[in-house]
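Worksheet: one structure, shown below.
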Amino acid sequence: MIRMMFGELRKLRRKTLLIPTLIGVVLLTAFFTSFVFLRVHSGKPNGARGVLITNDFLSGKNGLVYGFQIMGFFLGIVALCVFASQTAQEYSLGTLRNILVRQPSRLKVLIGKYFAMAFFTIWLELAAAVCALSISFVLAPRSAISTSAWMSASGLQLLGETFINIFLGTLAFGTLGMILGLLFRSPITSISIGVLWCLILENILGAVISSTTKWLPGANFANISQGGTSIISYQRSLATSGTYLIFGAIVVAILFKKRDVSN
Amino acid sequence: MSDLAISVSALSKVYGERQAVAQASFEVPIGSICGFVGPNGSGKTTTMRMLLGLIKPTHGTGTVLGEDIRQPEKYLFNVGAMIEGPAFYPALSGAENLRVLASIGGFNQKRVATLLEQVGLSDRGDSKYKTYSLGMKQRLGIAAALLPHPKLLVLDEPTNGLDPSGIQEIRNLIKEMAKSGTSIFVSSHLLSELEMISDHLVMLREGKVIFTGRTHDLLAAQNPLLVVKPEFGVDLNKLVEIARKYGKKATVADGAITILGAVDWAPTFNRLAFEAGITLATISVTQPSLEETFFEMTGE
């Protein structure tokens, strides 16, 4: 399992994947964080989903993590795509047979790949965190936002909690991506279905029947990244997401173990 | 430990109503080079996949290096394989692709450079796999198969896409591996190549084993061929007609006619040709090649 993880990490750290993904994450983080801080005095919506974020709010302990927190959902979508493509491409490229000849234990292959991609998620999250925090500190004085609460004990605790929540939310999206990759065995199909569901269909469903939001997987994963909301509690999202993902993981693990590798 | 590298008994694989492999039984002795031949779709790759634990047999049993094929984790660390052509990550270099597999298999990373040199890719090891020619991809596949210092090498069409010198290199490599004690189980469409290197053969047709044993025994059991070359090429068809008139099976190739199983008939044929006003330039007896035997046995 450890060997599989190191093998997978060699693949994930390739320049053509790691650098463009990091650049994309950093640019998006920079855009969202700058947007919040630069428009704080405009009186117009400057937060996620058209919310107005005020100077007072940003001067509190939440100000440090707000830009980073907005990125939680986008990091999740990136993770979904990476997990799905890295899993499904083993089928489409035919490389799965090489892997299984070198590591015949299929569960070890799955777990090793999963841990490697979880590490990849941490790299992305660290990049987003460093970018969001740096921009927040740079732009705060320009917008006359006090940063004294940011570095307080409770501010730093919130930073740690936010990092963990975003990691868990992102990992949940990634796990969904891996499940789709194993089910559909095609990178394009699994990414399309995952992104279409989380970005479009869930929003339509939530808008038409608002009560479904509590049960939709993408909404719950995003809610974990946010640390919970007044609509869905953090604990409920953890439980709902965990149930979906554990069930999905068991199904695909059984399929992966039993299926013939004939491509 | 068993003296057999591979042993399968009544091995079958059924997909829906299609029987890909039917009751296949054969043995590959340790240290031998065993050619695995059969027409396209005869079940060669399916059999190899079952030996490598990639697909599960529907029925039957088998062992590889003395271990049950249903427990591939017990023997695959001693097996190198290239199945159905090379498959690697296009965005990684050849060397990096091998390093990924070395990591997964727990092999020394230093072996990568040695293997690239062994298969003639040391100068292109850092180039991306997607820039490789078919022959280079094939060589990389063979390098990957050699990663574990294998006791058994399973190669599916290893010379696909290689030029004549590349084919010769692979032939020499296989011979060297066999000399060092590695058992080789190799399929190829180039039957002349297999005839040159393999001491054992397994022949499949429609999923069934139609021959298993020593290559020499197979070829020796075949009826010899009478090869007759007339002085003038225009007489070829007349010679074929004479042979057929007397119930002999004759074919024309390379300016000569080949008559199957008619060695004792040579003096008669010579006289008949003379009476028809045809002068024979040469008349010789030869054993059928593996290719000729294969076509005869498989009816291809």
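In the text below, chain A, chain B and the rest are named by the order of the sequence lines, each starting its count at 1.
Contact annotation for A:Lys258: only backbone heavy atoms (N, CA, C, O) come within less than 4.5 Å of a heavy atom of chain B. With a 4.5 Å cut-off on non-hydrogen atoms, A:Ile99 touches chain B through its backbone and its side chain both. With a 4.5 Å cut-off on non-hydrogen atoms, B:Lys128 touches chain A through its side chain but not through its backbone. In this structure, chain B has no heavy atom under 4.5 Å from any part of A:Glu8. Looking at B:Tyr15, only its side chain comes within 4.5 Å of chain A, counting heavy atoms on both sides. For A:Ser105, no part lies near chain B; criterion is any non-hydrogen pair under 4.5 Å. Contact annotation for B:Phe77: only backbone heavy atoms (N, CA, C, O) come within less than 4.5 Å of a heavy atom of chain A.
By the 30° and 60° cut-offs, the orientation of the rings of B:Phe26 relative to B:Phe36 is tilted.
The neighbour count for B:Glu206 CD, taken as heavy atoms of other residues, nucleotides or ligands under 6.0 Å away, does not exceed 12.
A salt bridge is absent between B:Arg49 and A:Asp260; no separation between the charged side-chain nitrogens and carboxylate oxygens falls under 4.0 Å.
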Steps toward side-chain contact (heavy atoms from CB on, under 4.5 Å) verdict (B:Leu115, B:Gln118) = CA-CA 5 Å; B:Leu115 286 172; B:Gln118 197 173 352; 3.5 Å; yes
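For the set A:Met5, A:Met1, A:Gln103, A:Met4, the count of heavy-atom pairs under 4.5 angstrom toward chain B peaks at A:Met4. Most heavy-atom pairs under 4.5 Å with chain B: of the set A:Arg259, A:Arg106, A:Lys15, this distinction falls to A:Arg106. The choice from A:Arg10, A:Arg14, A:Lys108 that makes the most heavy-atom pairs within less than 4.5 Å of chain B is A:Arg10. Ranked by heavy-atom pairs under 4.5 Å with chain B, the list A:Thr16, A:Leu100, A:Val109, A:Val101 is led by A:Val101.
Remark: aromatic rings of A:Phe73 and A:Phe173 are close, center separation under 6.0 Å. Taking the ring centroids of A:Phe32 and A:Phe74, they lie under the 6.0 Å cut-off.
Taking the ring axis of B:Tyr129 as reference, the NZ or CZ atom of B:Lys137 stays within 45° of it and closer than 6.0 Å to the ring centre.
In this structure, a donor-acceptor pair under 3.5 Å is present between the side chains of A:Thr95 and A:Glu90.
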